[in-house]
Amino acid sequence: MESIKQQIERLRAELHEHNYNYYVLSRPVISDFEFDQRMRQLMELEASHPEYYDPNSPSVRVGSDISNRFTQVEHRFPMLSLQNSYSEGEVADFYNRVQRALNEPFGIVSELKYDGTSISLVYEEGRLVRAVTRGDGTKGDDVTANVRTIRNVPLLLKGDGVPAYLEVRGEIVMPWNSFDALNEEREEQGEEPFANPRNATSGTIKLLDSREVASRGLVSYVYNVTAESLPSDSHYDNLVRAREWGFNVSTAMRRCDTLEEVFDFLKQWDEKRKELPVMTDGVVLKVDSLVQQRNLGATSKFPRWSIAYKFNAEQAVTRLASVSYQVGRTGAVTPVANLDPVLLSGTTVRRASLYNEDAIEALDLYIGDQVYVEKGGEIIPKITGVDREARFMLGEKVTFIRRCPDCGTPLVRNDDEAVHYCPNSEGCPPQIKGRIEHFVSRRAMDITMGPETISLLYDNGLVHDAGDLYLLRFDDLVHLERWGETSANNLIESINKSRAVPYERVLFALGIRFVGETVARKLAHAFPDIDLLAKASEEELMAVEEIGERIARSVIDFFAQPDRVNLVSRLREQGLQFALSEEALATRTDKLEGLTIVISGTFELHSRDEYKAMIVQHGGKNSGSVSKKTDYILAGENMGPAKLEKARKLGVKIIDEKSFLEMLG
Ligand code: IVH
């Protein structure tokens with residue numbers, strides 16, 4: 001019989017191996033399910049036998065809630081940074097400098113430059129003992145507990161020839177899919193999203209709660225090994241060995257013997273990197289031989305044997321043609337820069353966000369300015385600077401408008417906000433049209449009509465708010481320009497059908513500020529009739545899970561406006577649903593009370609929206625992204641890889657639609 005200790009050791013060894021197969025080789029040999037089972041078994045044994053605690057057990061990957069404190073640790077070798085270069089010419093200069101200095105044959109290793117946070121990992125006798133951030137280059141923060149949760153950081157090294165004291169350096173990065181999931185979750189919770197994966201990574205690695213770190217799906221790429229004695233004089237060969245020891249070393253590296261080969265690598269990866277799961281911002285070139293590296297030495301800041309080449313397509317310079325202002329349905333005014341078209345990472349950019357008045361002031365912009373446009377992992381390109389040298393024959397200085405561009409009403413700006421609003425919500429056309437667009441949208445009333453139709457109806461005086469839609473008659477429509485009987489009938493039919501849309505979606509359609517789909521669903525279930533909602537006090541509203549002061553205030557404001565109340569009663573007269581249906585009320589249970597469920601994938605028996613509604617109807621909570629608070633994932637076909645990965649890490653239970661429906665009986 002295997003003793004407990006032996007069982008624990010066996011499971012640990014197995015799980016280390018499976019982690020390596022999965023995260024470094026991308027060749028798993030067991031299913032996720034089997035992996036999870038073994039992990040759970042190990043964790044149970046460890047919990048009942050704390051005497052066998054090991055900080056490098058694979059179970060530490062889930063993190064712990066013991067708050068981290070980051071002590072400062074001195075680096076044994078300083079962590080230098082690299083000189084940047086931006087053109088082939090600068091790369092050629094580097095190559096020629098190296099050639100002159102060495103005056104003998106040399107190889108250059110080309111690697112990708114991963115964009116995250118650099119880390120130093122120290123292994124003693126093959127065990128991870130410390131992980132330290134770069135800090136100021138001479139000392140950094142000890143973030144070991146957090147780094148242990150990163151799946152492809154080996155905790156125990158394998159294979160032979162591992163130096164007794166080994167320090168490896170690499171980059172910790174957040175893959176795009178984890179980044180997207182994290183931002184989705186943050187936006188849902190009203191938190192500011194991270195601008196790019198780099199910021200998200202550095203924010204995550206310094207979190208106090210390592211369980212939260214574990215849930216964010218960070219990965220590592222190792223790009224350097226140092227030890228008293230290494231297997232080879234070749235940096236490239238040492239990296240290949242490091243891969244065998246268990247480190248995640250990118251396969252996107254190449255030993256180049258000529259400058260042409262280097263250029264070839266640059267060209268190839270400038271394109272191919274767009275298919276990578278993580279953000280890269282350039283290529284790092286390194287003299288391959290360690291002896292030659294030592295001979296070349298370093299300046300006070302940079303090594304002379306290495307240089308970074310930054311991909312430059314991410315930034316472009318173009319002329320600011322004009323600034324326009326968009327008014328949204330809430331009245332928020334957004335400044336947009338109109339640019340002379342310019343190619344930026346494969347797409348033609350004509351517009352860029354200018355955010356708000358403060359951002360414009362900070363740039364000190366003039367019409368006609370040559371501006372830098374960047375797509376640094378952000379979705380909408382932004383203007384990051386102005387080429388002041390290139391200024392002549394400038395147009396006017398850009399100053400934020402004082403009046404609404406559409407209706408001329410003086411704008412207001414709240415003290416604590418950077419955003420300007422047009423207060424004329426009842427008379428300002430883009431706000432009116434925007435509200436109707438929201439009202440008819442697919443997830444709200446699902447009436448088939450696009451923005452052009454809405455404009456047309458508004459301009460013809462037929463529709464001034466959502467209530468007017470239900471008064472439209474065939475004769476009103478059929479005579480409109482380019483309309484005919486079919487289109488008129490279709491629209492009327494679509495409008496009629498919307499009368500059956502359930503209460504919670506009607507509530508969402510009303511466009512109350514901060515009341516998104518999820519909040520609407522919660523409110524509908526907490527206040528199953530709109531009259532109850534309209535009368536609710538701030539305290540009553542805030543008693544509902546996840547409804548905070550901001551949302552509560554906004555609901556109260558909405559029902560304090562006579563025209564909004566009037567709209568609600570007109571819609572009610574038209575037969576729209578303003579209460580939970582008898583059926584929804586009758587079938588309400590608390591079977592899912594206290595459970596947080598994430599829906600992912602596509603389903604056969606019900607739609608996603610129906611499942612969302614069911615969760616709330618049975619007292620559960622539906623959340624958009626997997627976190628440590630998730631109890632179940634209701635998974636259909638093609639569940640997103642980010643969610644699967646996260647679920648696996650956190651040991652969240654995954655159920656299919658049949659088991660879910662069984663839970664509800
Ligand atoms: S080598 C002395 N290789 O880029 C050599 N760095 O600007 C030190 N980085 O701080 C770095 N990928 O965080 C190297 N393949 C790679 C890299 C890489 C990303 C980061 C690293 C470093 C910064 C240098």
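In listed order, ligands and their atoms are each counted from 1. We use all heavy atoms of the structure for the numbers below, so side chains are in, but hydrogens, waters and symmetry mates are not. Index from 1, following the sequence.
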### Task
Measure Glu111 to ligand 1 on non-hydrogen atoms and call it side chain, backbone, both or neither using the 4.0 Å cut-off.
side chain
### Task
Starting from atom 10 (O) of ligand 1, locate the nearest protein heavy atom and write down its residue, its atom name and how far away it is, to 0.1 Å.
Ser118 OG, 3.7 Å
### Task
Measure Val284 to ligand 1 on non-hydrogen atoms and call it side chain, backbone, both or neither using the 4.0 Å cut-off.
side chain
### Message
Working note: Arg350 + Asp340, criterion salt bridge (charged side-chain N to carboxylate O under 4.0 Å, His left out); need CA distance, chi angles, decisive distance, verdict.
### Response
CA-CA 6 Å; Arg350 294 188 170 79; Asp340 285 355; over 6 Å; no
### Query
Do you see a donor-acceptor pair shorter than 3.5 Å between the side chains of Asn248 and Ser220?
no
### Query
ligand 1 and Glu171, any nitrogen or oxygen pair closer than 3.5 angstrom?
yes
### Task
Look at atom 17 (C) of ligand 1 and find which of Tyr221, Trp305, Phe77, Tyr223 reaches it with the closest heavy atom.
Tyr223
### Query
Any idea which atoms of ligand 1 are less than 4.0 Å away from a heavy-atom of Pro303?
2 (C)
### Query
Ion pair present between Arg273 and Glu271, side-chain N to carboxylate O less than 4.0 angstrom?
no
### Query
Thr280 and Asp115: side-chain donor and acceptor closer than 3.5 Å?
no
### Summary
Residue, atom and distance of the protein heavy atom nearest atom 5 (C) of ligand 1 read Leu82 CD2, 3.6 Å
#### Entry: Centroid separation Phe247 to Tyr123 less than 6.0 Å
yes
### Task
Specify the protein heavy atom at minimum distance from atom 8 (C) of ligand 1: its residue, its atom name, and the distance to 0.1 Å.
Leu80 O, 3.9 Å
### Query
Is there a heavy atom of Leu112 sitting under 4.0 angstrom from any atom of ligand 1?
yes
### Query
Would you say Arg319 and Leu339 make side-chain contact, with heavy atoms under 4.5 Å?
no
### Protein contact to atom 3 (N) of ligand 1 [nearest heavy atom, distance to 0.1 Å]
Lys286 NZ, 3.0 Å
### Task
Check the side chains of Glu111 and His235 for a donor-acceptor pair under 3.5 angstrom, ignoring hydrogens and angles.
yes
### Query
How far apart are the closest heavy atoms of Phe263 and Ala92, and which atoms are they?
CZ-CB, 4.4 Å
### Task
Report yes or no: does Met79 have a heavy atom closer than 4.0 Å to ligand 1?
no
#### Entry: For atom 23 (C) of ligand 1, the protein heavy atom that lies nearest, with its residue and separation
Lys113 NZ, 4.0 Å
### Query
Should the ring pair Phe311 and Tyr309 be called parallel, tilted or perpendicular, given that the plane angle runs from 0 to 90° and is split at 30 and 60?
perpendicular
### Query
Quick one: does ligand 1 sit under 4.0 Å from the side chain of Asp115, the backbone, both or neither, non-hydrogen atoms only?
neither
### Query
If you measure from the Lys or Arg side-chain nitrogens to the Asp or Glu carboxylate oxygens, is any gap between Asp54 and Arg127 under 4.0 Å?
yes
#### Entry: Contact with ligand 1 for Ala308, non-hydrogen, under 4.0 angstrom
no
### Task
Please say whether Ser306 places an N or O atom under 3.5 Å from an N or O atom belonging to ligand 1.
no
### Task
Among all protein heavy atoms, pick the one closest to atom 12 (N) of ligand 1 and tell me residue, atom and distance.
Tyr114 N, 3.1 Å
